Amino acid sequence: MSVPSHFSATYSEARQKFLNACEHRGLAVESYHNPNAKGREGEDLFMDVARMGPDSASKVLFVSSATHGGEGFCGSGIQVNLLEGGYLSELPEDIAVVFIHAINPYGFSHVRRVNEDNIDLNRNFRDYSEPLPDNPAYREVHNMIVPKDWDGPAREAAEKAIEEYVKLNGMAKFQAAVTGGQHVHANGIFYGGKKAAWSNETLRTVSKKHAGDAKHLAMLDIHTGLGPYGYGELIYVGDLSGIDRANEWYDNEVTSPESGTSTSAPVSGTIDKGICEMAPDATNTCVAIEYGTIPLMEVLNALRADNWLYAYGDVDSDLGKAIKKQVRDAFYCDADDWKEMVWKRGIETIEKALKGLEKS
Ligand SMILES: [Zn+2]
């Protein structure tokens, strides 16, 4: 089977390929059902988890997909290629690899970045007993981001306002304002929510079960939508104390939003926080691998359109269908060369992570 054939066109297809691949490898799958939502085709939604390596392993690598829903076409394809290709058949001693398929199955199925509550899970991992952080810059741009109509005068005015904002403040500040995360506008984008989402709680359960006693926890969380076509940027996430180690593992290719070396703006409330909190004794080396698709402004516009569609529009209308195609194209390049590129970079990175874990 070719590399592209292990990628899928829908969440259901991707899930079935993952389950089949686990069966072929003799791996048991734990399936966590999301009781709060259904898929685009009315199907049930699951976060599926499979573990390779001994139960007692003290070093654990998580390889996860679809934190951002529709970005899961890429991550799932990498996971299935790895399993079906027979990779990692002999793991180094004392190491386990845990595959988490579809952290956000609702978003994967509906081809959305957010979950069933319009939450961006990578802004949702917070201590909710503390006051939520403010993002005054987002407040300034919210009305431009979410106009009331998508093909009329409100949209035109919004585009003009964005153009002026960027001219005045620069693209980096616009990106930071929009994508930094916010907890005020529940119908806005990059909304972090006001409590832990189902995926948050479920991921913590998975982490506690598989890495609760671990001495070293590594994560590769697979994303798409930022950076050059098919290139996988390794973005360090979490507590900066581990960035030097991450650079040793990954040949000095690790970037960091905080130091301005990444295509991503600084964000907080990311999933690594939840995973690491459940493994209190573990040293952490967490990285997001972010694959480029189409230019940033087109990705942001697709996310805005999708946000408008679910706030004010009709998914089954012609405009709705056009927007859904726009969003899919922002997350996933349905082209063989792109799939070959993301897979090659993916497996090389996973192999580096295992070498790094072995030495650490
Ligand atoms: Zn993402």
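Just so it is clear, the model here is predicted, and its values are computed rather than measured. Counting convention: from 1, in listed order, for ligands and their atoms alike.
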Name, closest N/O/S atom of His68 to the Zn ion (ligand 1): ND1
Could you check whether Glu233 and Tyr231, counting side-chain N and O atoms only, form a donor-acceptor pair closer than 3.5 Å? no
Would you name the N/O/S atom of His223 that lies closest to the Zn ion (ligand 1)? ND1
Can you tell me how the ring of Phe46 sits relative to the ring of His33, calling it parallel under 30°, perpendicular over 60° and tilted otherwise? tilted
If I consider every N, O or S atom in Glu71, which one ends up closest to the Zn ion (ligand 1)? I only need its name. OE1
Thr270 and Asn122: side-chain donor and acceptor closer than 3.5 Å? no
Using the benzene-type ring in the case of Trp, are the ring centres of Phe108 and Phe73 under 6.0 Å apart? yes
